[in-house]
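Below: the structure, in structure tokens.
Note that the numbering runs from 1 along the sequence shown for the chain. Excluded from the calculations below are hydrogen atoms, water molecules and symmetry mates; all remaining heavy atoms, backbone and side chain alike, are included.
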Amino acid sequence: MDPRHQRGPYQFQWTINSKTIVEEIEEDEPALRPPEYKLVPLNELGVHIDTDAEIDILALAIHMNPPNEVNTNHGKSLIQEIYLIDPGLKLLRLTMWNRFVHDECREISDLILAKPIILGTRIKVSSYNGLSLSSRPTSVFIVEPLLSSSVALHTWAAQNDKLLEEIIGNSFGSASSSSTDPIIKVSEIAEKLISASAMARSTYLVRGKFRMVDFHQSFHYVSCENCNKATGYDLGENFICYSCKNAAIARARCRVYLDVYDDTTSTPVVIFGSLAEKILGCTAVDLIDRTDEEHLPYIENIANNIENNEWIIVLGAQMNESGRLRQNKLTVLSVNNVPGTAE
């Protein structure tokens, strides 16, 4: 480990990601007692304002501001603000300080569009700028904790996703695009991204075609059939998803990297799921079923066909905390075939 991030005497760290398979080995061992949390709903935190109480919370993270350096009595500090909500629909700001900005905030930033669940312990409740929350040096944050209350919160979030998107749009600016948005040239997107603020989400409407550049890319990944998150399990395997916590079967989900171009320039994009299959004109299973000898000619034929179609395309951009385009690619959010072009 980087010495700056060592906790106690530990010199090494073991990183487990979404593709790591973790399975229980059934042995005669005493059961570990799970930790207990005294979770306080966000709309009941008022009684703890400016007290020494150390509060545990469980909420959805729905928006983040970029990191910011502030002056304190002890010198300069780095902070980052995360906005939380729970079924009580109380929207609160959580200010993360210093080391949490470098570690936990980066993890949350990568998942923010999916509205991840955050467990925070030993949180401070403050009256600064109204009711707000703040990390303490002793706080602990867990992203997507394995708790029964997390499952209930995931269910609520899925059932109220439209409401949550409205709250995000009203509070922080909507990222949605409508048919009244002006169509711009692909070359204009780069200019607009230069002025985009950190953590901003934006959409662009263009008219253009798709071009395949990489014929040897993997056109699918293995995912949870419920939440579409990648998994390390094999196709057809039954498993409990680490992301949505539901029983699932590992399925192939289409993912393709293409270029979008018009008469000005081109830009790289990524497309997922049924939208990718619509543009390619085949399914993920079709691509998997081709033998090695059949595969390249099949892909070349697809590449030739997709350039016959012209589309009205909605492209989504997500900036990271440094104000750069996440993964250096735009995401295709929707397409409509331009009348009169080949299908």
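- Shown here for Val101 and Pro67, the closest heavy-atom pair between the two residues is CG1-CB, 4.1 Å.
- For the atom pair CG (Leu94) and OG (Ser126), the distance works out to 11.5 Å, reported to the nearest 0.5 Å.
- Clustering of Ile, Leu, Val, Met, Phe, Trp and Tyr side chains at separations under 4.5 Å places Ile79 together with Val70, Trp97.
- Criterion: ILVMFWY side-chain heavy atoms under 4.5 Å apart, direct or through other members. Under it, Ile62 and Leu163 are part of a common hydrophobic cluster.
- For Thr20, the side-chain hydrogen bond (donor to acceptor under 3.5 Å, both in side chains) criterion is met by Asn17, not counting sequence neighbours.
- A search for side-chain hydrogen bond (donor to acceptor under 3.5 Å, both in side chains) contacts involving Asp52 returns nothing, not counting sequence neighbours.
- Interatomic distance, CG of Leu45 versus CD1 of Ile123, reported as 10.0 Å (0.5 Å rounding).
- With sequence neighbours excluded, the residues satisfying ring-ring contact (aromatic ring centres under 6.0 Å, His included) with Phe239 are Tyr233.
- Cys282 approaches Ile302 most closely through the heavy-atom pair SG-CD1, 3.6 Å.
- The same ILVMFWY cluster, assembled from side-chain heavy atoms under 4.5 Å apart, contains both Val143 and Leu84.
- Criterion: ILVMFWY side-chain heavy atoms under 4.5 Å apart, direct or through other members. Under it, Val335 and Leu258 are part of a common hydrophobic cluster.
- Across all their heavy atoms, Asp286 and Tyr298 have their closest contact at CB-OH, 3.7 Å.
- Remark: of the listed residues Asn304, Ile306, Asn305, Asn305 is the sole one forming a side chain to side chain contact (heavy atoms under 4.5 Å, CB included) with Asn308.
- Taken to the nearest 0.5 Å, the CZ atom of Phe219 stands 6.5 Å off from the CG atom of Leu287.
- The closest donor-acceptor contact from the side chain of Thr51 to the backbone of His48 lies under 3.5 Å.
- Side chain of Ser139 to main chain of Arg136: a donor-acceptor pair is present (N/O by atom type, distance under 3.5 Å, no hydrogens or angles).
- A donor-acceptor contact shorter than 3.5 Å is absent between the side chain of Thr95 and the backbone of Glu81.
- Qualifying side-chain hydrogen bond (donor to acceptor under 3.5 Å, both in side chains) partners for Ser148, counting only residues two or more places apart in sequence or in other chains: none.
- A heavy-atom distance below 4.5 Å is found between the side chains of Val140 and Arg122.
- The closest donor-acceptor contact from the side chain of Asn98 to the backbone of Leu78 lies under 3.5 Å.
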Verify side-chain contact (heavy atoms from CB on, under 4.5 Å) between Leu113 and Gln318, making sure each step is shown before the conclusion. CA-CA 9 Å; Leu113 291 180; Gln318 168 69 48; 3.2 Å; yes
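- For Lys76, the side-chain hydrogen bond (donor to acceptor under 3.5 Å, both in side chains) partners two or more places apart in sequence, or in a different chain, are Asn71.
- Atom-to-atom distance recorded for Leu235:CG and Ile288:CD1 is 5.0 Å, nearest 0.5 angstrom.
- Remark: the backbone N or O of Lys90 is not paired with any side-chain donor or acceptor of Asn43 at under 3.5 angstrom.
- Side-chain N or O atoms of Arg106 include none that pairs as donor or acceptor with a backbone N or O of Phe100 at under 3.5 Å.
- Atom OG1 in Thr138 sits 5.0 Å away from atom CD in Glu54 (nearest 0.5 Å).
- Residues Ile312 and Ile183 form a side-chain contact, since some pair of their non-hydrogen atoms from C-beta on lies under 4.5 Å apart.
- Within the structure, salt bridge (charged side-chain N to carboxylate O under 4.0 Å, His left out) contacts touching residues 60-72 (residues at least two apart or in different chains) do not occur.
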Should Val332 and Val270 be marked as a side-chain contact (heavy atoms from CB on, under 4.5 Å) after you check the CA-CA gap, both sets of side-chain angles, and the distance that decides it? CA-CA 6 Å; Val332 175; Val270 60; over 6 Å; no
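- Taking hydrophobic clusters as Ile, Leu, Val, Met, Phe, Trp and Tyr residues chained together by side-chain heavy-atom distances below 4.5 Å, Leu280 shares a cluster with Leu296.
- In plain terms, the two heavy atoms of Ile49 and Ser127 that are nearest each other are CG2-CB, 3.5 Å.
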Show the numbers, then the answer: is there a side-chain contact (heavy atoms from CB on, under 4.5 Å) between Phe141 and Leu119? CA-CA 6 Å; Phe141 296 94; Leu119 170 67; over 6 Å; no
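- Taking the side chain as every heavy atom from C-beta outward, His220 and Val256 never approach each other to under 4.5 Å.
- The distance from atom CG of Leu333 to atom CG of Leu275, rounded to the nearest 0.5 Å, is 8.5 Å.
- Using modelled atom types, no side-chain atom of Glu310 and backbone atom of Arg207 make a donor-acceptor pair closer than 3.5 Å.
- Side chains of Trp311 and Asn336 form no contact here, defined as non-hydrogen atoms less than 4.5 Å apart.
- For residues 219-231, every residue pair satisfying the salt bridge (charged side-chain N to carboxylate O under 4.0 Å, His left out) rule, not counting sequence neighbours, is listed here: Glu225-Arg251.
- Looking at heavy atoms from C-beta onward, Leu58 lies in side-chain contact with Ser150 at the 4.5 angstrom threshold.
- Residues satisfying the ring-ring contact (aromatic ring centres under 6.0 Å, His included) test with Phe272, not counting sequence neighbours, are none.
- Closest non-hydrogen pair, Gly46 versus Leu131, comes out as N-CD2, 4.5 Å.
- Without hydrogens or angle criteria, Gln217 side chain to Tyr257 main chain gives a donor-acceptor distance under 3.5 Å.
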Given Ile82 and Ile118, is the side-chain contact (heavy atoms from CB on, under 4.5 Å) satisfied, shown in steps? CA-CA 10 Å; Ile82 302 174; Ile118 310 300; 5.7 Å; no
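- Smallest separation of non-hydrogen atoms from Glu44 and Val47: O-CG2, 3.8 Å.
- Residues Leu133 and Val125 have side chains in contact (heavy-atom distance under 4.5 Å, counting atoms from C-beta outward).
- The closest side-chain heavy-atom distance from Leu89 to Ile167 is below 4.5 Å.
- Sorted by first and then second residue, the pairs that involve residues 264-280 and meet side-chain hydrogen bond (donor to acceptor under 3.5 Å, both in side chains), not counting sequence neighbours, are Ser187-Thr264, Asp262-Thr264.
- Applying the salt bridge (charged side-chain N to carboxylate O under 4.0 Å, His left out) definition to pairs two or more places apart or across chains, none involves residues 209-221.
- For residues 142-152, the pairs satisfying salt bridge (charged side-chain N to carboxylate O under 4.0 Å, His left out) are Glu144-Lys245, with sequence neighbours left out.
- Using a 4.5 Å heavy-atom cutoff, the side chains of Pro268 and Asp259 are in contact.
- Criterion: ILVMFWY side-chain heavy atoms under 4.5 Å apart, direct or through other members. Under it, Leu193 and Tyr261 are not part of a common hydrophobic cluster.
- With respect to Lys124 and Asp50, no salt bridge is recorded, no charged nitrogen being found less than 4.0 Å from a carboxylate O.
- Not one N or O on the side chain of Gln159 forms a donor-acceptor pair closer than 3.5 Å with the backbone of Trp156.
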